[in-house]
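Below is one structure, written out as structure tokens; the observations come after it.
In what follows, every chain begins at residue 1, and chains take the letters A, B, ... in the order their sequences are listed.
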There are 2 protein chains.
Amino acid sequence: MRIGELARHAGLTVRTLHHYDAIGLLTPSTRSEGGYRLYGPEDIARLHAIQAMRQLGLSLEDIGRLLDDGGGTTLPVIVEQQLRAIDVQIEQAEKLRARLGMLQAKLATGSVPDMDDWLATIRMMTTCDKYFSADELKTIFGNWRRIYTDWAALITDVRRTMKAGVPADSLEVQPLAHRWMTLMGIWMDGNLDLIYRWGEMYRREPSALTGKGPDLGMVAYMDRAIQLRMAALGRHLSIDELLRLKQVPPEAWDTLAGSAAELMRQGVAPGASRARALGKQWLGLLERVADHDAVLFDKLLAAYCQEPLVAAASVREEAVRQYLQRTVQSVLDPIAA
Amino acid sequence: MRIGELARHAGLTVRTLHHYDAIGLLTPSTRSEGGYRLYGPEDIARLHAIQAMRQLGLSLEDIGRLLDDGGGTTLPVIVEQQLRAIDVQIEQAEKLRARLGMLQAKLATGSVPDMDDWLATIRMMTTCDKYFSADELKTIFGNWRRIYTDWAALITDVRRTMKAGVPADSLEVQPLAHRWMTLMGIWMDGNLDLIYRWGEMYRREPSALTGKGPDLGMVAYMDRAIQLRMAALGRHLSIDELLRLKQVPPEAWDTLAGSAAELMRQGVAPGASRARALGKQWLGLLERVADHDAVLFDKLLAAYCQEPLVAAASVREEAVRQYLQRTVQSVLDPIAA
DNA sequence: GATGAACCCTGACGCTACGTCAGGCTCAAG
DNA sequence: CTTGAGCCTGACGTAGCGTCAGGGTTCATC
């Protein structure tokens, strides 16, 4: 397909496609002998992605970067994002419509609307508020490839747990909640506001039924679990302190929990040197989470020791949890132990 | 209200308002002693108009021109235009939504959509087709002040005629049809396509119920009359020829019709010199309508003589029409007369 | 009355995403 | 073989701001 034809079909100008080629955003996969640009199906798919992201408000440069190092995996995510954006757009357009209708009725009676009315209307016209800003979309798209395999795995795990009839407030769900929060943290670059709004959006828009992502029930289920977790942490740490916590790789916790289970099965006493070495490792991890801040560390430790819910996130089994706790006790307070 | 406050409320940046001031688009009505810009209610109203027209796709320069020489009369028209634009936007967004939904479903099953699918979707994303292009909006807004008094008068006349129970295919309606077409011609700069689409829009969007403009029934009523008129003209002229016809001021026809009625009442014979002078004037008008093209003129004359519907537009009374026709006959063919 | 923070001013230059030429080449149809 | 529509590569221009720099205003608080 030559450039003019593509331009006509896509509703763009030839110059625009030239421009996209010049900046390396969309380079046609072949050229004719005479030097004509020839666009193939994959070029068209790429153009689709480009236009979609443009509609979301991203700059051409950002789009190029995202498409070039995001791999092909982003396509469904883009479409999903677009669907939401459109839903928002429609909703807002309808609100604006209602406003304009009222304004028109007022004008018809000859009265002049007051300033606040004008301002509110102007605001609705200009800020076709997107759910997410361009910067936020960049992080969402950009980080997607870092998490999408883990995310898919988590989704299936959650689905299985739900199907098994495990209630959301069960301790069993806490590891899932932890994984969920961790992944969300990576995905949204730790921006809590963004995470919250993401959830909001999911709850409000019915377009979430793609089959691949989480469904509404799943989100509600995890919400409950996360809420419990946050409440438990909140009894020991302030919001600011929570925000200062760092992530450590989940495998680290898993291997530690595995070792603890092993020691326990072997009958090693919590005060034994092998157990205490384990306890020290565990405390080391916790220190990393607390960002090496002594005060934060103490509070976090208290949370882990006093709130089974919190500890349950990294150590599944009740018995192991208690074993590990005694081990840690013996490290912190060797005499009492 | 100072610039920052206005910017916040309106969802704009301070820089944008600076820019609008710099190009003379929105100059605050006062300044503080220290030189701060102070925006009053009228400035805010103007800003509303600006944002509305921007949303319709007009350039800042065009907006400035339209606002500066259009007078305050354009405000309700702008809102009306905006309402329609929003309706279109919503409709198209919903279509796009449906498409994207299908595309997502396809992607979920792992199949790759074909080229036509892509292209159609891209097209929908890019060309959020407005009903009217920026240029067309410019003529619509720009010409509005040239016709709005006549238009309002016509609307009330049509309303009265409809209420009187006059059927649309009555000859009595033809003068209204003629006025309607003439005004539309002025409003839309003679762009027939634009006129047609304007009617289309009116028919499709229910937001036409402002009370000031014509309602749906009225448009249908006039449509019928105009259709009859076009059919009658179409029996004698081709589409191209119809397009080449010029307008003459309606008063010219009216005064001629008045003079003819006067002569008839005085019993002046159609062949008398005073009558023939009138006939010559009438033919002169017709020649201007035919743009001084002999072939066109002949066809037009035939239409006027053979189609009472056509003649009825400028001469209301049957008797006067026949009198005038005989007069014209005597001018064209003095011997036979 | 001094001072600090928040806000505002006027230039001036930069930037994005194209539009708009100019001058020449290619391609398919007659 | 021509002819008209389409394409090429530069090159410059444009709209609508963003983003400093350098300096004045306002106003509440000390």
Side-chain angles (χ1 to χ4, degrees), chain A residues 1-40 43 47 50-67 122 125-128 133-135 137-138, chain B residues 1-40 43 47 50-67 122 125-128 133-135 137-138:
Chain A
M1 181 179 290
R2 295 195 313 204
I3 198 168
E5 203 182 344
L6 177 57
R8 262 196 316 280
H9 280 89
L12 298 164
T13 67
V14 171
R15 175 65 179 115
T16 299
L17 293 173
H18 274 169
H19 184 58
Y20 289 175
D21 190 5
I23 64 174
L25 180 59
L26 179 68
T27 308
S29 40
T30 39
R31 291 255 188 165
S32 80
E33 276 189 23
Y36 283 19
R37 291 173 177 82
L38 298 175
Y39 292 85
D43 299 324
L47 181 56
I50 291 171
Q51 287 306 99
M53 296 173 90
R54 267 206 33 145
Q55 222 186 0
L56 292 173
L58 296 178
S59 73
L60 297 185
E61 202 183 333
D62 291 336
I63 294 173
R65 260 202 300 274
L66 288 172
L67 286 180
I122 295 179
M125 280 163 20
T126 52
T127 71
C128 274
S133 76
D135 278 356
L137 283 170
K138 261 161 61 183
Chain B
M1 182 180 287
R2 295 196 312 204
I3 198 169
E5 202 183 346
L6 177 57
R8 263 197 316 277
H9 280 88
L12 299 163
T13 67
V14 170
R15 176 66 179 108
T16 299
L17 293 174
H18 274 169
H19 186 57
Y20 289 177
D21 190 7
I23 63 174
L25 180 59
L26 180 66
T27 308
S29 40
T30 39
R31 289 254 187 167
S32 81
E33 274 189 26
Y36 282 19
R37 291 174 177 82
L38 298 175
Y39 293 84
D43 298 324
L47 180 57
I50 291 170
Q51 287 306 99
M53 296 173 92
R54 272 213 37 149
Q55 221 186 5
L56 293 172
L58 296 177
S59 74
L60 297 186
E61 202 183 332
D62 291 337
I63 294 173
R65 261 202 299 275
L66 288 173
L67 286 181
I122 295 178
M125 278 164 17
T126 52
T127 71
C128 274
S133 78
D135 279 356
L137 284 171
K138 261 162 60 184

- From OH (A:Tyr39) to CG (A:Leu17), nearest 0.5 Å: 4.5 Å
- How far does CG of B:Leu137 sit from CG of B:Leu66, to the nearest 0.5 angstrom? 9.5 Å
- Quick one: are B:Asp62 and B:Met53 in side-chain contact, heavy atoms under 4.5 Å? no
- Task: Could you check which residues of residues 5-17 of chain A get a heavy atom under 4.0 Å from DNA chain C? Sort them by number, please.
- Result: A:Thr13, A:Arg15, A:Thr16
- Between CG of A:Leu25 and C1' of C:dC18 the distance, given in whole Å, is 13 Å
- Message: Is it the case that atom NE2 in B:His18 sees more than 12 heavy atoms from other parts of the structure closer than 6.0 Å?
- Response: yes
- Query: Rounding to a whole Å, what distance do you find between A:Ile3:CD1 and C:dT26:C1'?
  - Reply: 15 Å
- Calculate the interatomic distance between A:Leu26 atom CG and C:dA17 atom P; express it in whole Å. 15 Å
- Query: To the nearest angstrom, how far is B:Ile63 atom CD1 from D:dG16 atom C1'?
  - Reply: 12 Å
- For B:His19 and C:dC13, give me the distance from atom NE2 to atom C1', rounded to whole Å. 15 Å
- Message: It should be established whether A:His18 places a side-chain nitrogen or oxygen under 4.0 Å from OP1 or OP2 of nucleotide D:dC8.
- Response: yes
- Tell me which residues in residues 31-40 of chain A put a heavy atom below 4.0 Å from DNA chain C, sorted by number, or none. A:Ser32, A:Gly34, A:Tyr36
- Query: Over how many whole Å does the gap from B:Arg54 atom CZ to D:dA15 atom P extend?
  - Reply: 13 Å
- Task: Over all heavy atoms of both residues, which pair between B:Ala134 and B:Gly57 is shortest? Give the atoms and the distance, please.
- Result: CB-O, 3.7 Å
- Message: For a quick check of understanding: with a heavy-atom distance under 4.0 Å over all strands, which category does B:Ile23 fall into, base, sugar-phosphate or nothing?
- Response: nothing
- B:Ala10 backbone acceptor or donor facing A:Thr126 side chain under 3.5 Å: yes
- Query: Closest nucleotide of DNA chain C for A:Ser59 versus for B:Gly4: which of these residues is on the 5' side?
  - Reply: B:Gly4
- Query: Which nucleotide sits closest to the side chain of B:Arg2: C:dA17, C:dC8, D:dC17?
  - Reply: C:dC8
- Query: Distance-only, no hydrogens or angles: does the B:Ser29 side chain make a donor-acceptor pair with backbone N or O of B:Asp43 under 3.5 Å?
  - Reply: no
- How many angstroms lie between atom CG of A:Leu60 and atom CG of A:Leu67, to the nearest 0.5 angstrom? 11.0 Å
- Over how many whole Å does the gap from A:Asp21 atom CG to C:dA17 atom P extend? 16 Å
- Roughly how far, to the nearest 0.5 Å, is the NZ atom of A:Lys138 from the CG atom of A:Leu58? 8.0 Å
